[in-house]
Amino acid sequence: MPSPWFTGFDDNGNPLVGGKLYTYAAGTSNAQATYSDVSLSVANANPVVLDSAGRATVYLLASSYKFVLKDSSGNTIRTRSEEHTSELQ
């Protein structure tokens with residue numbers, strides 16, 4: 001099973017303290033849920049706010065996602081689209 005730990009970094013390789021991970025259905029601007037538990041019963045906030053080490057627990061549905069990673073000031077660090085995932089159970 002892939003690790004549910006997500007770590008965000010800035011362009012200099014530093015952890016994105018207080019960064020934000022926005023998740024959407026691939027190819028859209030429609031928010032798509034992620035979860036904080038393996039049973040997919042506790043949804044994360046969207047955006048997921050990264051902790052003091054730039055980390056968050058993120059379980060995904062078996063679906064395609066678009067991920068937008070921003071710093072704590074709202075500046076976009078990177079966007080990844082069309083990532084097909086397998087359910088992490």
Side-chain angles (χ1 to χ4, degrees):
M1 167 176 29
S3 172
W5 287 97
F6 171 83
T7 305
F9 297 97
D10 65 18
D11 290 333
N12 296 315
N14 300 310
L16 272 178
V17 176
K20 297 172 186 165
L21 179 66
Y22 294 80
T23 57
Y24 304 95
T28 75
S29 58
N30 299 326
Q32 184 157 289
T34 65
Y35 298 86
S36 63
D37 66 315
V38 71
S39 62
L40 306 178
S41 62
V42 180
N44 285 321
N46 195 353
V48 178
V49 178
L50 307 182
D51 68 14
S52 62
R55 291 185 298 236
T57 302
V58 180
Y59 288 92
L60 305 173
L61 297 169
S63 187
S64 293
Y65 281 82
K66 175 173 76 174
F67 300 98
V68 179
L69 182 61
K70 297 187 177 195
D71 65 18
S72 60
S73 298
N75 300 303
T76 299
I77 303 299
R78 73 185 46 86
T79 299
R80 292 191 68 182
S81 296
E82 304 300 326
E83 300 291 323
H84 185 75
T85 62
S86 297
E87 195 168 345
L88 301 179
Q89 289 189 357

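Just so we're clear, the structure is a prediction, and the values are computed from it rather than from any experiment.
- Salt bridge annotation for D71-K20: absent, with no cationic side-chain nitrogen under 4.0 angstrom from a carboxylate oxygen.
- At distances below 3.5 Å, at least one donor-acceptor pair connects side-chain atoms of D37 with backbone N or O atoms of S41.
- Hydrophobic clustering of Ile, Leu, Val, Met, Phe, Trp and Tyr side chains at less than 4.5 Å, counting indirect connections, keeps L61 apart from V42.
- Although no hydrogens or angles enter the test, the distance criterion places no donor-acceptor pair under 3.5 Å between the side chain of N12 and the main chain of N14.
- Atom OG1 in T34 sits 6.5 Å away from atom OH in Y65 (nearest 0.5 Å).
- The CZ atom of R80 sits 11.0 Å away from atom CG of L69, with the distance rounded to the nearest 0.5 Å.
- No side-chain heavy atom of F67 sits under 4.5 Å from any side-chain heavy atom of V48.
- Linking Ile, Leu, Val, Met, Phe, Trp and Tyr residues whenever their side-chain heavy atoms come within less than 4.5 Å leaves F9 and F6 in two separate clusters.
- Here the CH2-OG1 distance, from W5 to T57, works out to 4.0 Å after rounding to the nearest 0.5 Å.
- Between N46 atom CG and L21 atom CG the span is 7.5 Å, to the nearest 0.5 Å.
- In the hydrophobic clustering, Y24 connects to Y22, V68, either directly or through intervening members, whenever side-chain heavy atoms lie under 4.5 Å apart.
- One finds the CG atom of L16 at 11.0 Å from the CG atom of D51 (value rounded to the nearest 0.5 Å).
- No side-chain donor from either of N75 and S73 sits under 3.5 Å from a side-chain acceptor of the other.
- The distance from the NZ atom of K66 to the OG1 atom of T28 is 6.5 Å, given to the nearest 0.5 Å.
- One N or O on the side chain of T23 and one on the backbone of Q32 form a donor-acceptor pair closer than 3.5 Å.
- L50 and V17 fall into different hydrophobic clusters, where Ile, Leu, Val, Met, Phe, Trp and Tyr are joined by side-chain heavy atoms under 4.5 Å apart, directly or via other members.
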